[in-house]
Structure formats: structure tokens, C-alpha cells
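For this chain, numbers begin at 1 and follow the sequence in order. None of these values were measured; they are calculated from a predicted model. Computed over heavy atoms, backbone and side chain alike; hydrogens, waters and symmetry mates excluded.
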Amino acid sequence: MHKSLIKIAAFLLLGATASAAWAQSSIQGRVTRVENASLLHVQGVRLSLEGIVTPQDDSPLGREARGALRGLTWEARLICVLGEGSAAEVRPARCYFWDQTKPEAIRAELGEADKQPDHEAWLLYGDLAARLVQLGLARDCPALTGGRYASLETKSALQRIALPEACSP
């Protein structure tokens, strides 16, 4: 019985941590799991990289993209600005490498500044989605980003990764 109570307490604690993170506007920490090329876990919260389209999970390019995301985030500390609305268990987010984040970019992201940085500047701010697009392992979803990552798209990605209708501007 004692072990059961410990398991229940641990479950409630993890649930409270995830619920608290769900209510936050940003979350920071290390990546604990990479599910696919755009879905990762930070502090027990499932996050979907917002604004990009990645290849099918079971395709060779999808496996390559998942591996790249694992490599990029291994031992990395991220700060993720959480987006609005999503599937019940996944939160959309824009994630940045903590050591490369510029405070003015995060303030702009949270709506505390008047001007967003230009498209090329996203790489300078350590934007994880921008890195995947630049590597040719993801594409910009213009309907969600307004074309934020379009200038970073590679010819290879344009040919190999189809955009769903929902990404049409």
C-alpha cells in the first residue's frame, strides 16, 4: 500500500507541474525527449514546434529530421514561448537555444516590443525551427508564420516536403 501511495503522489506532482507549465506563457529547461522532427518534451510538457512543416515520420527524410532535432537539442537548454490553442496534450511553441537567445527577441515574441526582427535574424536568436528549415529538414508554414522562415527554405526541402493545404496563406 505504501508503494501505491508514493506512485499516486508522484503522479499528482507530475500532473501539477505539467498543469502549471500549461498555464505559463513560456517554459525553459532541457529537452527530455524527441518524438519526431517537430515534437519534443521540455519539463514534462509536449511541445510542437510552431510554424513549420516536417517530413512524414516514417520516411527516410523524417527519420533524418528527427535525428537532427535530437542532435541539435542534446544537452541543450531551451526557452520556449508557448502558443495559443492546440490538441489537448500538445502545446505549440517557438523554442530558442537559451545560450543564444537575445532578450529583445523574447520581449518581441511576448508582445513587449513594437518591432519583430527580420526573417534572417531568427537564426541569430537561436530559433530551433529556423535551424531545421535552414538544414532543409522542414518548411515554413506561411499561414501560421506570415512567411517568417520562407527565406531560409532550401531547394531540396521545397522539392521533398509537401505543404498541407492548411499552410496556404
Might you point out which heavy atoms bring L137 and A68 nearest each other, and give the distance in Å? CD1-CB, 3.4 Å
Under 3.5 Å, side chain of R94 to main-chain N/O of L49, donor-acceptor pair present? no
Straight-line distance of L40 CG to C80 SG, nearest 0.5 Å: 6.5 Å
Can you check whether Q28's main-chain N or O pairs, donor with acceptor, with Q43's side chain at less than 3.5 Å? yes
Closest non-hydrogen atom pair, L78 against C95: CD1-CB, 4.2 Å
Gap between atom CG of L39 and atom CD of E89 - 0.5 Å precision: 10.5 Å
Under a 4.5 Å side-chain heavy-atom rule over Ile, Leu, Val, Met, Phe, Trp and Tyr, are L135 and F97 clustered together? yes
Looking at every non-hydrogen atom in both residues, tell me the closest pair between P92 and E50 and how far apart they are. CB-OE2, 3.7 Å
Sequence-distant partners of L163, side chain to side chain contact (heavy atoms under 4.5 Å, CB included), two or more places apart: V53, R139, P142, C167
Test of understanding: clusters of I, L, V, M, F, W, Y form through side-chain heavy atoms closer than 4.5 Å, transitively. Do L69 and L61 belong to the same one? yes
If you compare all heavy atoms of A166 against all heavy atoms of A143, which two are closest, and at what distance to 0.1 Å? O-CB, 3.3 Å
Give, for atom CZ of R30 and atom CH2 of W74, the distance between the pair rounded to the nearest 0.5 Å. 11.0 Å
Please round to the nearest 0.5 Å and tell me the distance separating atom CG of D127 and atom CG of L132. 9.0 Å
How long is the span from the CG atom in L82 to the OG atom in S26, to the nearest 0.5 Å? 6.5 Å
E35 vs H41, side-chain contact (heavy atoms from CB on, under 4.5 Å): CA-CA, chis, key distance, verdict: CA-CA 8 Å; E35 288 188 37; H41 295 234; 2.5 Å; yes
Can you check whether T54 reaches I161 side chain to side chain, under 4.5 Å on heavy atoms? no
Side chains of V81 and Y96: closer than 4.5 Å at any heavy-atom pair? yes
Which pair of non-hydrogen atoms, one from G136 and one from T154, has the smallest distance, and what is that distance? CA-OG1, 3.3 Å
Within one Ile-Leu-Val-Met-Phe-Trp-Tyr cluster: L72 and L152, side-chain cutoff 4.5 Å: yes
Side chain to side chain contact (heavy atoms under 4.5 Å, CB included) with L128: of I52, T73, L47, only one passes, and it is T73
Taking salt bridge (Lys or Arg N to Asp or Glu O under 4.0 Å) as the cut-off, I'd like each qualifying pair that reaches into residues 58-68, sequence neighbours left out, listed once. none
Contact summary for A157 and A138, nearest pair of heavy atoms: CB-O, 4.0 Å
For residues 156-169, pull every pair meeting side-chain hydrogen bond (donor to acceptor under 3.5 Å, both in side chains), keeping only residues two or more places apart or in separate chains. S156-R160
